[in-house]
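Working notes, structure below.
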Amino acid sequence: MSERRYDPTRIEPKWQEIWARERTWEVSNQVGASPLDQREKAYVVEMLPYPSGEPHIGHLKNYALGDAIAHYHRRIGQRVLHPMGYDAFGLPAENYAIQTGVHPRTSTDESIAAFQRAFRRWGISIDWSRELATHQPEYYRWTQWIFLKLFERGLAYRKEAAVNWCPNDQTVLANEQVIDGRCERCGHLVEVRQLEQWFFRITDYADRLLDDLDTIDWPEHVKTMQRNWIGRSDGAEVTFRCEELGIDYPVFTTRPDTLFGATFFVMAPEHPDVFRLAAGTQYEQPVHEYVNRALSEPVEDREATEKPKTGEPLGRTVTNPVTGEQIPMYVSDYVLMEYGTGAIMAVPAHDQRDYDFAVAFGLPIRPVVAPAEGEAPAGQAFVAHTANERLINSDIFTGMSAVDGQQAIVDWLDREGKGHPSVSFRLRDWLVSRQRYWGCPIPIVYCGRCGMVPVPERDLPVELPEVDDYQPRGRSPLAAAENWVNVRCPECGGSARRETDTMDTFVDSSWYFLRYCDARNDKAAWDRQVLKAWMPVDQYIGGVEHAILHLMYARFFIKALADMHYLDVQEPFQALFTQGMILGPDGHKMSKSRGNVISPMPIVDRYGADAARCYILFIGPPDQDAAWSETSLEGVHRFLGRLWRLGYELSGDAGGAGEAGAAEQPERPSGDALTVVRKAHWAIDKVSRDLTGRFAFNTAISAVMELVNDIYRYAGADPEARRFATATAASLLFPFAPHLGAEVYEMLTGRRVWEESWPDADPDMLVTDTFELVCQVNGRVRDRVRAPSGAPREELERLCLAARGVQTHLDGHEIAKVIVVPDKLVNVVAR
RNA sequence: GCCCGGGUGGUGGAACUGGUCAGACACGGUCGCCUUAAGAGCGACUGCCCAAGCGGCAUGAGGGUUCGAGUCCCUCCCCGGGUACCA
């Protein structure tokens with residue numbers, strides 16, 4: 001019974017066992033040792049999973065996609081590196097430990113085991129010899145090593161800064177990890193605290209991170225997101241002097257052309273000089289109150305856009321460097337300490353925020369840029385949009401275009417020593433300290449005598465100690481591990497204490513794709529020559545949710561390491577593909593609270609891995625979101641069954657006419673046999689085109705469906721032709737449904753499909769002798785006639801004009817023009 | 001607000017650089033065959049309207065360019081994502 005129908009529970013384990021036993025997907029780093037190693041390399045990586053519980057449907061999609069790409073590259077003759085790893089440090093395991101007391105390592109390792117089982121069960125072609133997990137000392141030893149290298153180079157440093165603090169997770173967060181004023185992980189409102197923390201100097205790389213986006217083949221929207229995040233602004237720094245106190249205050253502006261309109265000056269509440277400025281004035285008390293209120297406000301409220309402008313005068317003035325006027329100083333929370341210099345020149349006539357403030361405080365509004373035509377709109381700031389506005393009220397610059405004026409004013413400031421061209425970025429340095437347990441320890445020691453001392457490389461890894469209590473209490477749980485914390489200073493041998501913060505887990509995942517290349521190296525993080533052979537990653541596949549965080553951090557790491565000559569590429573991921581989400585059957589994002597979560601394992605158990613994989617690829621364009629549909633999945637399952645049955649019936653297994661090894665293309669097919677053979681070549685061509693760069697897996701699979709439909713339709717065709725076509729279908733489907741592809745191909749040919757090169761479409765088989773010529777009159781189809789392929793224009797025109805449908809519609813009209821599209825259509829324009 | 005995507009049948013989605021009456025492939029639906037029956041399988045039909053034709057209307061709405069527009073241009077509406085007091 002089971003022999004006679006498609007039975008994935010029989011087929012899938014059979015092939016999985018072969019692939020595991022023969023280590024089919026392992027590749028060697030010994031380039032040049034054998035002819036096989038001379039092939040062009042292709043490095044295909046899916047973003048490594050965070051192992052938590054069981055894999056979900058998004059993982060299935062991610063790895064089904066990556067696996068199809070990896071298989072395709074192998075079949076077209078490339079040497080493919082396709083490894084797997086686990087992003088194993090992180091808060092969920094730690095929070096679980098707090099609740100249950102189960103060590104994060106225990107729960108993480110269990111999850112990893114579940115993921116490993118799933119990947120084997122799904123038949124993903126992974127080189128298991130390179131598997132890694134970021135929580136293993138053999139891995140994080142090198143994470144620490146990279147930290148030390150960054151430290152040596154001044155790219156890792158400590159500073160006290162206003163940082164985002166999540167009171168729920170009891171840890172600090174990087175800017176990128178604060179979403180709408182809330183913690184990216186737990187959703188709790190974030191507070192601002194003044195703390196000394198570790199940072200990576202990613203801002204040093206802002207320009208390169210921006211410029212090099214032009215060199216990589218990434219989706220445009222992801223590049224745009226990164227560009228916006230980096231936020232480069234070109235402008236000028238202009239100095240405003242407070243004469244009373246004799247202090248210069250530089251400000252950054254993108255609109256130096258509006259300098260004559262600067263009628264007041266505003267500082268951020270966090271600005272270190274605010275109290276000093278107000279001291280001794282009548283505003284001292286109100287300023288204190290205002291600043292204290294502003295600083296204690298939750299981040300979410302502080303950043304709310306639509307709130308009325310508030311502030312206090314500081315009782316001091318600064319000199320506008322071009323007008324010489326004394327303009328009043330204010331403190332207001334609409335100025336951010338983190339951006340620019342923490343102070344701004346306010347031009348109410350041409351900046352909406354300054355306008356709102358000026359109105360609220362009754363300050364003068366002086367227009368200095370006139371619209372190209374008409375009047376500036378009343379009741380709001382006039383923000384110039386074109387190159388045609390002219391400067392007014394601007395002394396010697398009056399009458400210049402705003403663009404020229406900008407240049408001229410900056411030149412003047414430069415000559416006078418009152419300003420210069422400047423660039424500002426939105427990007428901030430990456431805050432990497434976390435006051436948590438389950439992360440990579442920061443390899444630094446504090447010595448009373450020597451200060452901050454890096455742990456010597458020979459002492460790495462600094463292993464995580466065992467602790468009894470994972471509960472964070474504003475400091476890392478590591479601080480409680482006294483035996484671990486107290487060490488000898490590596491420099492002087494005196495007593496010292498370890499750094500107790502751990503690293504942001506994005507550090508772990510910023511370099512794992514380097515380690516894959518040389519995963520078992522215990523002498524170094526990697527061998528530079530080995531990296532040279534594999535890097536960059538040719539195709540990276542993952543979710544858009546990492547468009548900024550992970551992808552920016554990894555790019556920074558690669559550039560920093562390249563600068564230190566540890567590797568030879570400037571970008572980690574040459575091409576990126578971002579997959580869409582699988583939504584629940586109700587079209588909403590899957591979530592436990594919605595109760596619409598589909599787990600992949602029961603699906604795989606019921607329909608087989610091949611059906612689950614094919615369905616997920618068939619559902620629609622892989623970069624788009626798609627809702628899960630069980631009935632559609634059944635349709636794909638039926639299709640696989642139809643292909644299997646063709647293989648079964650056409651091979652010797654059914655006791656029919658078939659014979660193994662005879663699935664070659666027939667010599668001179670004709671009639672239905674020719675039609676089927678042609679369809680096979682059409683499918684080869686279509687699938688190949690859909691797979692190269694386009695990742696149109698949905699249409700690729702539909703092409704194989706069409707081929708299978710035709711093999712059924714022409715059941716009477718020569719069996720040789722049908723065997724050829726069926727073997728071709730199996731071969732084309734292999735990247736998506738590897739078990740069935742291998743099975744059917746073996747039934748028909750006795751050979752292993754993954755060892756066969758990708759089929760070539762015969763161009764002669766793609767064209768037919770005749771085609772259906774579309775005959776249009778005034779753009780409307782009026783008839784269709786058969787015409788010989790490649791016929792000259794005149795002949796097509798003649799055929800069209802002779803067509804009956806055309807004749808009737810031409811009756812009584814004059815032919816104005818005839819448009820001929822060779823091998824397609826003829827359009828007669830009639831009057 | 002700004003920046004990206006995207007609006008095509010009952011549903012998911014096809015349609016290469018504007019060119020075969022748009023709707024591949026699949027789901028769902030209807031009918032039939034096979035079967036004692038169920039299931040599975042196989043086959044046919046399936047955008048809308050209609051006086052049923054060599055007919056009309058249809059790719060969010062409205063204009064435009066063109067012999068020809070889902071595809072290009074303009075205006076607007078809706079949905080999704082990113083981002084936002086960044087000077």
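Sequence lines set the chain letters: A, B, ... in the order given, protein chains first and strands last, and positions in each chain run from 1.
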For this session: May I have the distance from A:Leu640 (atom CG) to B:G41 (atom C1'), rounded to whole angstrom?
Result: 16 Å

Exercise. If you measure only the distance, is there a donor-acceptor pair under 3.5 Å linking the side chains of A:Asp356 and A:Tyr334?
Worked result: no

Exercise. Roughly, in whole Å, what's the span from OH in A:Tyr330 to C1' in B:A87?
Worked result: 18 Å

Problem set entry | Exercise: do A:Tyr607 and A:Glu634 side chains pair donor with acceptor under 3.5 Å | yes

Problem set entry | Interatomic distance, A:Leu733 CG vs B:A26 P [rounded to whole Å] | 13 Å

Problem set entry | Intra- and interstrand pairs of RNA chain B - dot-bracket, Watson-Crick/G-U under 3.5 Å, | marks other strand | (((((((..(((......[.....)))((((((.......))))))(((.....)))..(((((..]....))))))))))))....

Problem set entry | Per A:Arg428 side chain, nearest of listed nucleotides B:G43, B:C86, B:G28 | B:C86

Exercise. Using 4.0 Å as the upper bound for N to carboxylate O, is an ion pair formed by A:Arg722 and A:Asp710?
Worked result: no

For this session: Would you verify whether the NZ or CZ of A:Arg613 falls within 45 degrees of the ring axis of A:Phe736 while also being under 6.0 Å from that six-membered ring's centre?
Result: no

For this session: Taking atom types as modelled, find out whether A:Asn709 and A:Arg642 have a side-chain donor-acceptor pair closer than 3.5 angstrom.
Result: yes

Problem set entry | Whole angstrom value for the distance that separates P of B:C86 from CZ of A:Phe252 | 12 Å

For this session: Would you mind telling me which of B:A87, B:G82, B:C3 lies closest to the side-chain atoms of A:Met225?
Result: B:G82

For this session: Anything under 30° is parallel, anything over 60° is perpendicular, the rest tilted; go ahead and classify A:Phe695 against A:Phe577.
Result: perpendicular

Exercise. Has A:Arg426 got a side-chain N or O lying under 4.0 Å from the OP1 or OP2 atom of B:A84?
Worked result: yes

For this session: Among B:G43, B:A24, B:C27, find the nucleotide with the atom closest to the side chain of A:Ser702.
Result: B:A24

Exercise. In the 5'-to-3' direction, what one-character label does each nucleotide of nucleotides 13-20 of chain B receive under the scheme B = base within less than 4.0 Å of a protein heavy atom, S = sugar-phosphate only, - = no such atom?
Worked result: SSSB--BB

